Trainee: 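The structure follows.
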Amino acid sequence: MKLETIAIHAGNHPDEHTKAVIQPITLSSTFERAEDGSYPQGYMYTRLDNPNRRSLELVLSKLESGADACAFSSGNAAGTAVFQALEPGSHVLAPDDMYHGLRNSLLLVFKGVLEVDFIDMTNNELIQSSIKSNTKLIWLETPSNPLLKVSDIRQISNIAKPKDILIAVDNTFATPVIQAPIFYGADLVMHSTTKYLGGHSDVLGGALICKENNTFWQKIRTIQQLSGAVPAPFDCYMTVRGIKTLPYRMKGHMENAKALAKFLDAHPKVEKVHFPGLESHPQYEVIKKQLCGPGAMLSFLVKDGEKAAQAVCNKVKIFTQATSLGGVESLLEHRASVEGPNTLTPKNLIRVSVGLEHIDDLVADIEQALA
Ligand SMILES: *Cc1c(COP(=O)(O)O)cnc(C)c1O
């Protein structure tokens with residue numbers, strides 16, 4: 001089946017008793033045992049499993065063509081579960097341009113537990129030469145946050161496979177609609193479902209999807225169930241609801257993003273635009289092979305520096321100055337001041353999540369803010 005069909009039907013279990021077309025929310029924390037001690041529907045306790053979580057996991061694994069999925073209470077909980085599943089003393093290669101929350105998880109939570117090097121994941125020779133005898137994981141985020149750098153998943157997995165190194169891809173910016181990491185050789189896919197999958201900025205969540213249900217994956221399932229960073233049934237329902245329109249929302253998001261990127265690229269007050277849809281993008285050849293569209297995240301550098309960038313953020317009227325992304329409303333933010341003191345993000349960079357408003361209104365708003 002095609003993605004549009006999977007997004008609507010996979011994992012939805014219509015209610016047997018009422019014939020409700022949409023699966024109801026099962027809030028019960030516990031499930032009744034049969035006389036023989038078994039659990040007739042396979043559910044025992046909601047931290048371990050729940051009908052709405054199972055539905056969410058099913059649609060996620062189908063969307064990413066994976067073998068299984070684990071849903072978490074946030075994207076950070078999902079990413080952290082991968083780091084937790086590694087043996088202490090393992091070496092991890094992570095991107096130098098990466099979601100700051102997971103970067104800080106590696107730096108602060110796993111300090112003294114994992115060895116980490118942050119490198120440029122668009123430089124395959126550097127990746128090859130950074131591998132050590134204890135390297136167990138290459139963490140990719142592509143397109144990256146906030147510079148929209150693109151890693152060649154196939155090439156990097158060809159480097160990693162002979163050395164038994166896992167490849168995990170944070171696919172939050174791309175979504176399964178435009179990038180299929182498992183197809184290109186990834187072992188694990190991660191999402192902050194808070195973003196495009198939920199799609200309406202009203203529910204937090206995260207997920208991991210595996211290529212194979214192996215012993216490493218079983219360890220992740222154990223971490224999900226025992227650490228207990230699981231999403232509530234209502235949150236699972238909201239995320240499943242958002243996913244139904246994901247393929248169509250992405251079409252609109254991308255159409256708007258292409259037009260806005262083009263406008264910004266030609267604007268005299270803009271120094272540079274980072275967007276996978278521009279032919280000037282340094283990894284344009286990889287993008288043509290690996291992505292079915294440019295996504296709808298972009299960032300740009302304002303010519304007159306940090307103060308000028310902040311002034312643009314303060315002057316917009318339709319865009320909201322706020323962090324996060326992937327909702328129907330357009331957001332922008334001065335990224336360096338969100339990421340904190342150890343950031344490499346340029347001080348004059350504005351990150352934009354292009355929403356689904358009419359493009360003429362979005363362009364007019366940015367135009368008056370830059371004026
Ligand atoms: C938001 C985000 C995360 C973290 O997800 P939360 O749901 O906020 O915990 C991880 N990676 C990327 C690329 C993100 O945008």
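Keep in mind that what you see is a predicted model, and the values were worked out from it rather than measured. Just the heavy atoms: all of them, side chains too, but no hydrogens, waters or symmetry mates, feed the values below. In listed order, ligands and their atoms are each counted from 1.
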Trainee: Protein N/O near ligand 1 N/O, under 3.5 Å, which pairs?
Mentor:
from: ligand 1; atom 1: 5 (O); to: S192; atom 2: OG; distance (Å): 3.0
from: ligand 1; atom 1: 7 (O); to: G75; atom 2: N; distance (Å): 2.9
from: ligand 1; atom 1: 7 (O); to: S192; atom 2: OG; distance (Å): 2.9
from: ligand 1; atom 1: 7 (O); to: T194; atom 2: OG1; distance (Å): 2.7
from: ligand 1; atom 1: 9 (O); to: G75; atom 2: N; distance (Å): 3.1
from: ligand 1; atom 1: 9 (O); to: N76; atom 2: N; distance (Å): 2.8
from: ligand 1; atom 1: 11 (N); to: D170; atom 2: OD2; distance (Å): 2.7
from: ligand 1; atom 1: 15 (O); to: K195; atom 2: NZ; distance (Å): 2.8

Trainee: Run the salt bridge (Lys or Arg N to Asp or Glu O under 4.0 Å) test against D152 and tell me which residues pass, sequence neighbours left out.
Mentor: K289

Trainee: Can you list everything that forms a salt bridge (Lys or Arg N to Asp or Glu O under 4.0 Å) with D265? Sequence neighbours excluded, please.
Mentor: none

Trainee: For H191 and L60, indicate whether the former's side chain and the latter's backbone hold a donor-acceptor pair under 3.5 Å.
Mentor: no

Trainee: Only counting residues at least two apart or in another chain, list the ones meeting salt bridge (Lys or Arg N to Asp or Glu O under 4.0 Å) with E125.
Mentor: none

Trainee: Decide ring pair (Phe, Tyr, Trp, His ring centres under 6.0 Å) for H253 and Y196; before the verdict, give the C-alpha distance in whole Å, the side-chain angles of both, and the deciding distance to 0.1 Å.
Mentor: CA-CA 10 Å; H253 280 295; Y196 288 107; 5.3 Å; yes

Trainee: Classify the side-chain pair S29/T46 by whether it contains a donor and acceptor separated by less than 3.5 Å.
Mentor: no

